[in-house]
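Each remark here refers to the structure printed beneath this line.
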There are 2 protein chains.
Amino acid sequence: MKIDDAAARLEALGNRTRLQIYRALVRAGHAGMPVGRLQDKLKIPASTLSHHIKALVLVGLVSQSRESTTLICRANFDAVRGLVDFLVAECCAEETGCRDAQTAA
Amino acid sequence: MKIDDAAARLEALGNRTRLQIYRALVRAGHAGMPVGRLQDKLKIPASTLSHHIKALVLVGLVSQSRESTTLICRANFDAVRGLVDFLVAECCAEETGCRDAQTAA
DNA sequence: TCCATCCTTCTAGAATTATGGAACAAGAAG
DNA sequence: CTTCTTGTTCCATAATTCTAGAAGGATGGA
């Protein structure tokens with residue numbers, strides 16, 4: 001993963017509201033959750049919610065699929081896994097004998 | 001971890017420059033790296049660098065220790081581990097039979 | 001004491017992000 | 001065709017963040 005992509009994803013998650021959205025989707029699992037239900041849960045205006053969801057979709061952390069009128073959002077588990085790997089990649093690369101050492105995740 | 005703490009840490013990492021700083025410190029391992037060496041590596045003005053480091057220290061992702069005139073920065077590995085755990089905590093909690101299911105990390 | 005090194009804080013302007021009302025778009029139901 | 005539901009986009013404002021020069025503070029050596 002390129003550093004800019006990683007930063008963009010971390011930034012997307014680095015906002016209380018977006019993190020709440022993402023966590024709700026993680027809890028919902030592969031079934032996902034419609035935008036409307038997220039709105040009920042988080043009690044925020046539709047436009048604000050839509051902006052935040054868009055931000056998460058843009059960086060690939062969330063994907064969407066339409067089911068007639070409702071739009072289902074799902075957490076993209078692979079994306080966050082890649083992010084986690086990136087954070088610990090090359091741990092202690094410049095240090096010899098680190099027990100956590102690894103060159104790539 | 002409280003959601004606000006998690007969001008603060010993610011936001012801190014969600015900036016290209018700060019992520020570069022953090023990654024450099026991860027690579028440096030437990031030995032850490034002085035502020036000055038980070039400046040050489042990243043080629044950014046001292047004041048800008050200092051602000052970013054401060055942001056990382058404030059949220060607990062980086063710790064510092066003085067060695068006469070030089071200030072050594074170290075990545076706080078536990079902090080990022082807690083963050084990672086938080087991201088995947090309660091995965092699929094509302095879904096039955098998810099292979100990744102877990103209630104806490 | 002004087003000076004150099006190393007890093008922080010002050011300050012301020014530029015740029016970006018967050019928020020939410022209002023209007024809009026598209027599908028479904030009557 | 002009208003209306004309801006569902007969600008997005010437009011727009012403007014408020015708030016925050018980023019950047020970096022300049023000044024300041026602390027430490028160590030000559």
Side-chain angles (χ1 to χ4, degrees), chain A residues 3-25 28 31-76, chain B residues 3-25 28 31-76:
Chain A
I3 191 166
D4 288 301
D5 294 335
R9 286 180 180 177
L10 288 164
E11 186 183 21
L13 290 174
N15 168 279
R16 191 202 154 86
T17 303
R18 281 195 298 269
L19 188 53
Q20 284 181 308
I21 293 169
Y22 184 79
R23 291 251 299 167
L25 294 179
M33 192 182 287
V35 174
R37 201 149 123 58
L38 280 169
Q39 196 186 348
D40 287 346
K41 278 204 160 209
L42 305 187
K43 318 277 188 202
I44 56 176
S47 66
T48 302
L49 177 62
S50 191
H51 285 308
H52 283 308
I53 291 176
K54 190 176 170 185
L56 289 168
V57 169
L58 244 129
V59 298
L61 283 167
V62 166
S63 56
Q64 295 179 310
S65 66
R66 183 166 289 282
E67 207 139 303
S68 85
T69 48
T70 67
L71 194 57
I72 313 282
C73 302
R74 286 184 191 78
N76 187 343
Chain B
I3 191 166
D4 288 301
D5 294 335
R9 287 179 179 178
L10 289 163
E11 186 183 22
L13 291 174
N15 169 277
R16 191 200 153 89
T17 303
R18 280 194 300 268
L19 188 52
Q20 283 181 309
I21 294 169
Y22 184 80
R23 291 252 297 169
L25 294 179
M33 190 181 288
V35 173
R37 202 149 122 58
L38 279 169
Q39 197 185 348
D40 286 346
K41 279 206 158 207
L42 305 187
K43 318 276 189 203
I44 56 176
S47 65
T48 302
L49 177 62
S50 190
H51 283 308
H52 284 308
I53 291 176
K54 191 175 169 186
L56 289 168
V57 170
L58 246 133
V59 299
L61 283 167
V62 166
S63 55
Q64 294 179 311
S65 65
R66 184 167 289 281
E67 208 140 303
S68 87
T69 49
T70 66
L71 193 57
I72 313 282
C73 302
R74 285 183 191 81
N76 186 345

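A:Arg66 places its CZ atom 12 Å from the C1' atom of C:dA28, with the value rounded to the nearest Å. If you measure from atom CG of B:Leu42 to atom C1' of D:dC18, you get 15 Å, rounded to the nearest angstrom. Remark: P of D:dC18 and CD1 of B:Ile21 are 11 Å apart, rounded to the nearest angstrom. B:Leu49 places its CG atom 15 Å from the C1' atom of D:dG21, with the value rounded to the nearest Å. One atom, CG of B:Leu71, and another, P of D:dG25, lie 18 Å apart when rounded to the nearest Å. Between A:Arg37 atom CZ and D:dT5 atom P the separation is 19 Å, expressed in whole Å. If you take CG of B:Leu10 and C1' of D:dT17, they are 17 Å apart, rounded to a whole angstrom. One interatomic measurement links the two molecules: CG of B:Leu58 to C1' of D:dT16, which rounds to 16 Å at whole-angstrom precision.
Nearest to the side chain of A:His51, among D:dC18, D:dT27, D:dT9, sits D:dT9. Taking every side-chain heavy atom of B:Thr48 into account, D:dA20 is the closest of D:dA20, C:dA18, D:dT8. Side-chain proximity of A:Asn15 to C:dT17, C:dA18, C:dG27: nearest is C:dA18. When distances run from any side-chain atom of A:Arg18 to the nucleotides D:dT8, C:dA18, C:dA28, the shortest one goes to C:dA18. Of the listed nucleotides (D:dG21, D:dT8, D:dG28), D:dG21 has the atom at the smallest distance from the side chain of B:Ser47. Comparing C:dG20, D:dT6, C:dC6 by their closest approach to the side chain of A:Pro45 singles out C:dG20. Of the candidates C:dT19, D:dA22, D:dT6, the closest approach to any side-chain atom of A:His52 belongs to C:dT19. Of the candidates D:dT8, D:dT27, D:dT9, the closest approach to any side-chain atom of A:Gln64 belongs to D:dT8. Considering only the side chain of B:Thr70, C:dC6 comes nearest among C:dG21, C:dC6, D:dT8.
B:Glu11 comes within 4.0 angstrom of the backbone, heavy atoms only, and of no base. Residue A:Ser68 is classed as a sugar-phosphate contact, given heavy-atom separations below 4.0 Å to backbone atoms only.
With contacts defined as side-chain heavy-atom distances shorter than 4.5 Å, the pair A:Leu10/B:Asn15 does not qualify.
When all heavy atoms of A:Thr17 and A:Ile44 are compared, the pair lying nearest together is CG2-CD1, 3.7 Å. The shortest heavy-atom contact between A:Leu61 and A:Arg9 is CD1-O, 3.6 Å.
Using a 4.0 Å cut-off, no side-chain N or O of B:Thr69 falls inside it from OP1 or OP2 of D:dT27. The shortest distance between the side-chain N/O atoms of B:Lys54 and the OP1/OP2 oxygens of C:dC7 is not below 4.0 Å.
Of the possible polar contacts, none joining the B:Asn76 side chain to the B:Ser63 backbone as a donor-acceptor pair under 3.5 Å is found.
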